Number of protein chains: 2
Amino acid sequence: MPGRDPSRIPNAKAPTMADIARLAGVSTSTVSRALAGAPRIPEETRQRIARAAQDAGYAPNRHARSLRLKRSRVMLVLIPDLANPNFPDLLMHIDRAAYDCGYDIMIAHTGVDLHRSDRYVDELLAGGIDGVLLTADHCPPKLAERIASGVHLPIVRTLSPTPPGTGIAGVEIDERRAAYDLVAHLAGVGCRRIVHAGGPPAEPVAIARRKGWEAALADRGLCADGLYVQSGFRMEDGAAAAHHVLAMNLRPDGVFCTNDESAYGLVTTLKASGLRVPEDIAVAGFDDLGFSAVFDPPLTTVRLPRREMAVAAVARLKRLIEGDGEASIKILPHELVLRRSSQCT
Amino acid sequence: MPGRDPSRIPNAKAPTMADIARLAGVSTSTVSRALAGAPRIPEETRQRIARAAQDAGYAPNRHARSLRLKRSRVMLVLIPDLANPNFPDLLMHIDRAAYDCGYDIMIAHTGVDLHRSDRYVDELLAGGIDGVLLTADHCPPKLAERIASGVHLPIVRTLSPTPPGTGIAGVEIDERRAAYDLVAHLAGVGCRRIVHAGGPPAEPVAIARRKGWEAALADRGLCADGLYVQSGFRMEDGAAAAHHVLAMNLRPDGVFCTNDESAYGLVTTLKASGLRVPEDIAVAGFDDLGFSAVFDPPLTTVRLPRREMAVAAVARLKRLIEGDGEASIKILPHELVLRRSSQCT
DNA sequence: GTGAAAGCGCTAACAT
DNA sequence: ATGTTAGCGCTTTCAC
């Protein structure tokens, strides 16, 4: 830049409302009102103020506003595991939905450090953030405590079932029923020995899916004994489950994995040891991650309506924040996605 | 809850520092100092205050503090596409690194609405947030404008190369060189007609990767004519590229895709039309997404040091915020990940 | 229709 | 070692 003073221009401090007031020749109250679109401002004044703000590159200071209003228009999203594509996908929709109704998003990854979430409960109570979106079953201990003591807080859980009576609003699918349907499908294509590679036994989602599997088998008079394999949500867990499956005396002809990710690991391991999917053994997952369609074989699974969940959860939280919401549970419809992994064509 | 008044307990407003001061029988300044760990406070007083705060469930109001300090300890992360697993993975590490140095993370998905990012530049200037982490090449127009006018702003770009001289700090890998190495590998395993399915022609990453491909071919006297296929970053783009490849008169024996995701789409389509990978055609991607290891065939690719990038980017941004940083570019080492998609064993 | 003034909760001089 | 005070930038009575 020729001729420019090479010394760094000091971060010219941002204009405040007082600056705009001076520029437009009015008081700060008028600026505030005009910018907020208050009714009784003549068009001319409004214009002048708008232009002054524009020219000066004015942007309101969010902290000053939040302090004054005692509302920040910030929602916090607690995420247990960003490495599981379920969450980013949900987050993307949450972000969008929040943006559409004027909220910003703060995130906190709770996977690493459970106590971290407690810190945010304080924040919530202290007014730093307006509401919290829980995307997993984990509820910060401090939060649970507050709720138990009857305090009403703007919290919504989604993606994981909320046990009723916890005082937390929820947006979810009928996990048990979805699992039931999936297992019914496996039985429908001829599977008789259907293994369930289940998730962590304490996780509500995992429990619900397992129950669906059990019920579906029971209703068809199929045996469940010895067909439950303790697994987890990650690919490695699925791979480990595959080894259990391979070690069984009577080989199963179907596997229902607790989620798609673990199914990837399971199928990969089964294939590596010479089994064909679905010819020798059918496999189904749960979640319908984007990759499941290009996985080999394409994976039969349950599609989580992540977008709809995000939208509903944000809308609910917004209402809760604005004081008119109840802590009820909303169930969204799910959808079976039947692909080749469960059907030898 | 038997015996409990059914009427909702009003969201008991959070205690402020004044409350704690009263409880501990001191002034707010003493509370502030004690909680901040200032030096000259007798242990006894400190204890008393700490306990009062604890008992009352006190948490400082972040907006009041930020307003006063003119620092929020919030970093904003601008993300173009959360649906691409690269970003959530990076985000996870960013979140962790930021947490470790006392910062909170706000996110904004810019994919949907480019102008959205402009809003945050105003925020940055207005002191609402302390710094911005760009995770793609896109630079908010307003930001570019400010920087061009010489203003110094705490911004760091990562994951995408920053053209030098833009005044933005960067943490990246040598994309061109990595692409070069990858193509050299393909040539090394015997490929002679190596197609490049390139990303959006305006994207710096895509450009750098393409240049690497060209250079590697040139250095080996291999032909590039007619072997560039315009593609994109998503699976559908890869699938479309596959159709171009299939339509070529002389079939290529290798394809370097601009990223893993598009490679998934390409390979899936090639397989569907009866070609074997790698026996008939070798394929390589770029990014090393988690899924690439279980893809069929496992995908040869370049591992982005996402964790290291995140850590370095956050550290750099922190320094920039705290006033001692330069807008230089830091290059991190990359790593070739050779898997079956490029080698018929 | 507009201005003056108070105050949100906090920190940092500046006393003492 | 601790209290008093001012003020960060904003919105909102309350006057006029």
Side-chain angles (χ1 to χ4, degrees), chain A residues 11-50 52-53 56-74 122-130, chain B residues 11-50 52-53 56-74 122-130:
Chain A
N11 210 333
K13 69 171 171 24
T16 74
M17 203 169 253
D19 296 320
I20 306 309
R22 204 170 312 117
L23 251 46
V26 292
S27 73
T28 58
S29 354
T30 305
V31 175
S32 178
R33 283 189 282 248
L35 262 25
R40 284 174 214 314
I41 311 266
E43 201 44 35
E44 195 273 323
T45 316
R46 193 186 295 285
Q47 293 283 338
R48 193 152 34 91
I49 291 173
Y58 170 76
N61 178 304
R62 76 157 55 212
H63 302 296
R65 175 180 292 174
S66 300
L67 179 58
R68 176 66 229 236
L69 258 27
K70 290 168 166 283
R71 302 243 340 269
S72 59
R73 299 201 78 87
V74 169
D122 291 333
E123 280 263 11
L124 182 57
L125 269 43
I129 54 183
D130 290 347
Chain B
N11 209 333
K13 71 169 169 26
T16 73
M17 203 170 253
D19 297 319
I20 307 309
R22 204 170 313 117
L23 252 48
V26 292
S27 74
T28 59
S29 5
T30 304
V31 175
S32 177
R33 282 188 282 249
L35 262 26
R40 291 179 206 310
I41 311 265
E43 201 44 35
E44 195 274 322
T45 317
R46 193 186 297 282
Q47 294 282 339
R48 191 152 36 90
I49 292 173
Y58 170 77
N61 179 304
R62 76 158 55 211
H63 302 296
R65 175 181 291 176
S66 299
L67 179 58
R68 176 65 230 233
L69 258 28
K70 290 171 167 281
R71 299 233 357 260
S72 58
R73 300 201 78 87
V74 169
D122 291 332
E123 280 262 12
L124 182 58
L125 269 43
I129 53 183
D130 290 347

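What you see is a predicted model; the values in this text were computed from it and never measured. Numbers restart at 1 for each chain; the letters A, B, ... are given by sequence-line order, proteins then strands.
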Do the side chain of B:Arg62 and the main chain of A:His63 share a donor and acceptor less than 3.5 angstrom apart?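 Absent.
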
Is there a donor-acceptor pair under 3.5 Å between the side chain of A:Asp130 and the backbone N or O of A:Ser72?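 Yes, the answer is positive, given that a donor and an acceptor are paired below the 3.5 Å cut-off.
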
Between atom CG in A:Asn61 and atom C1' in C:dC10, what is the gap in whole Å?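 Those two atoms, CG and C1', are 14 Å apart.
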
If I take atom CZ in residue B:Arg48 and atom P in nucleotide D:dA1, what distance separates them, rounded to the nearest angstrom?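 After rounding, the reported distance stands at 14 Å.
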
Toward the 5' end of DNA chain C, which comes first, B:Met17 or A:Pro42, by nearest nucleotide?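 Closest to the 5' end, via its nearest nucleotide, is A:Pro42.
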
Phosphate oxygens OP1/OP2 of [N]: is one of them under 4.0 Å from a side-chain N or O of [X]?
{"X": "A:Ser27", "N": "C:dG3", "result": "yes"}
{"X": "A:Thr45", "N": "C:dT2", "result": "yes"}
{"X": "B:Lys70", "N": "D:dG7", "result": "no"}
{"X": "B:Thr30", "N": "D:dT2", "result": "no"}

Students often get this wrong, so: under 4.0 angstrom with heavy atoms, is B:Leu67 touching a base, only sugar-phosphate, or nothing?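 Base: the residue B:Leu67, judged by heavy atoms under 4.0 Å, touches a nucleobase.
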
Determine whether a donor-acceptor pair (one donor, one acceptor, N or O, separation below 3.5 Å) exists between the side chain of [X] and the base of [N].
{"X": "A:Ser29", "N": "C:dA4", "result": "yes"}
{"X": "B:Arg68", "N": "D:dG9", "result": "no"}
{"X": "B:Arg62", "N": "C:dG9", "result": "no"}

Which pair of heavy atoms, one from A:Asn61 and one from B:Ala126, lies closest together, and at what distance?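 In this case the closest contact between A:Asn61 and B:Ala126 is ND2-O, 3.2 Å.
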
Report the nucleotide, chosen from C:dA13, C:dC8, C:dC10, that has the shortest atom-to-atom distance to any side-chain atom of B:Arg33.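 The answer is C:dA13.
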
